[in-house]
Amino acid sequence: MNSIKIAARQPIDIEQTLQSGQVFRWNKIGEWYYLVINHNLVSIKQESLEDILVRSETLSGLDLETAVNDYFRLDDDIEYIYKSICTDKHIRSAIQSYRGLRIVRQDPWECLVSFICSANSNIPRISSNMTNLAAAYGNKLHLDEHSNYSFPSPHQIFQAGEQQLRELKLGFRARYVAAAAKFVLYGECDLDSLKKLSYEESKQTLTLISGVGQKVADCVLLFSLEKLQACPVDRWVRRAMEGWYSIEPNLSYEEISSWAINRWGPFTGYAQQYLFQQKRLEVSN
DNA sequence: GGTTGACCTGCGGAC
DNA sequence: GATTTCAGGTCAACA
């Protein structure tokens, strides 16, 4: 068992980050959060707002630190980002409430499948879909007495086929997930290579995939492909925009998204995530 | 080009 | 308790 402490020197709130609908395969046991990073099962404990404890069987030292830093984007200067997006009282209040909430940098393939599964669904169900996929086709990973699975490769999902995916209760999304696997396998599109393209170019490529529209593409771009200006507009963000910024109810996705990018610039994705969290939790409380 | 309904499933909230 | 609604959308068909 390898254990290290990471001093982020800036706020990082593991709970808020994992509970903000970016990541669907993690669980909390006692004070420890278990999640899979690059095919390694890792556990994390919050020590203070700027310090975390991390454990792993398969990564150690600098490798472990780098993997976790990378995943939670601890290289982002979050204080600078706060300053840059804090244009009004709504954002200010959201930042105050959820200080330390990070955008993650997760594996693009798993992220793509997650958000294809998110269509007309809800968080508990998306989690169950992703957990079932991993348990069915992934490789088992261990950490002390706990276990989890790596997420299956495009090849593994493609081999499973649409019918088996339906049996895992993906519903109409089964066809889309199978199509995405095929696209990544045979479409000569290495998802990671999209990081090098512009926001517009990479978005255009992603939406070639059946089952990937603007919303899903923006989620994948923001949470896995380095496009921090991407602004996924879902029901919650739309409600936030209409309620707090007097955006007209009948604006198109494109119009809302562009409005936001125009207002918040290169870190619009962060602004979006804070508004999303604020609006979503304001209702449930 | 914008609008509308279908799509799987499960689970809180309304009858 | 049985029934309906609505979920972090996308696509195809239509006017």
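Sequence lines set the chain letters: A, B, ... in the order given, protein chains first and strands last, and positions in each chain run from 1. Note: hydrogens, waters and symmetry copies are ignored here, and every other heavy atom, side chains too, is used.
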How many whole angstroms separate atom CZ of A:Arg173 from atom C1' of C:dT10? 11 Å
Checking A:Thr66 against A:Asn69: is there a side-chain donor and acceptor pair closer than 3.5 Å? no
Between the side chains of A:Ser20 and A:Gln22, does any donor sit under 3.5 Å from an acceptor? yes
Provide the distance between the two P atoms, one in C:dA7 and one in B:dA14, to the nearest whole Å. 13 Å
Rounded distance in Å - CG (A:Asn120) to P (B:dG10): 14 Å
Taking only N and O in the side chain of A:Arg238, is any of them less than 4.0 Å away from OP1 or OP2 of C:dG9? no
With the side chain of A:Lys215 defined as its heavy atoms from C-beta on, choose the nearest nucleotide among B:dC8, B:dT9, C:dT10. C:dT10
Heavy atoms from other residues, nucleotides or ligands near CD of A:Glu79 exceed 12 (cutoff 6.0 Å): yes
So that I can compare with my own list, what are the stems of DNA chain C, taken as at least three consecutive Watson-Crick or G-U pairs with distances under 3.5 Å? B:2-7 with C:9-14
Could you check A:Ser252 against A:Gly171 and say which one's nearest nucleotide on DNA chain B is further toward the 5' end? A:Ser252
Tell me what A:Val237 touches on the nucleic acid: a base, only sugar-phosphate, or nothing, going by heavy atoms under 4.0 Å. nothing
Which part of the nucleic acid does A:Ile126 contact within heavy-atom distance under 4.0 Å: base, sugar-phosphate only, or nothing? nothing
Quick one: A:Phe172 CZ to C:dA12 P, roughly how many Å, whole number? 13 Å
Whole angstrom is fine here: how far is it from CZ in A:Arg239 over to P in C:dC6? 11 Å
Is A:Arg73 paired with A:Glu226 through a side-chain N to carboxylate O contact shorter than 4.0 Å? yes
How many whole angstroms separate atom CD1 of A:Ile123 from atom P of C:dC6? 19 Å
I need the CZ-P distance between A:Phe115 and C:dT10, as an integer number of Å. 11 Å
Measure from NZ on A:Lys169 to P on B:dC11 and round the result to the nearest Å. 11 Å
Pair A:Phe158, A:Tyr186 - check ring pair (Phe, Tyr, Trp, His ring centres under 6.0 Å), show working. CA-CA 11 Å; A:Phe158 179 71; A:Tyr186 299 112; 5.6 Å; yes
Salt bridge present between A:Glu282 and A:Arg239 (N-O < 4.0 angstrom): no
Does C:dA7 have OP1 or OP2 sitting under 4.0 Å from an N or O in the side chain of A:Arg235? yes
When you compare C:dC6 with B:dG5, how far apart are their P atoms, in angstrom units rounded to a whole number? 14 Å
Which part of the nucleic acid, if any, lies within reach of A:Ile209 when heavy atoms closer than 4.0 Å are counted: base, sugar-phosphate only, or nothing? sugar-phosphate
With the 4.5 Å side-chain cut-off for hydrophobic clustering, are A:Phe24 and A:Leu191 part of the same group? yes
Distance, P atom - from C:dA2 to B:dC8, rounded to whole angstrom: 27 Å
Under 4.0 Å, counting only non-hydrogen atoms across every strand here, what does A:Ser210 touch: a base, just sugar-phosphate, or nothing? sugar-phosphate
When you match A:Thr207 and A:Cys219 each to their closest nucleotide on DNA chain C, which lands nearer the 5' end? A:Cys219
Over 12 non-hydrogen atoms of neighbours within 6.0 angstrom of NZ in A:Lys195: yes
If I take atom CG in residue A:Asn129 and atom P in nucleotide B:dC11, what distance separates them, rounded to the nearest angstrom? 12 Å
P atom, C:dG1 versus B:dT9: distance in rounded Å? 26 Å
Closest to the 5' end of DNA chain C, once A:Arg175 and A:Asn122 are matched to their nearest nucleotides, is A:Asn122
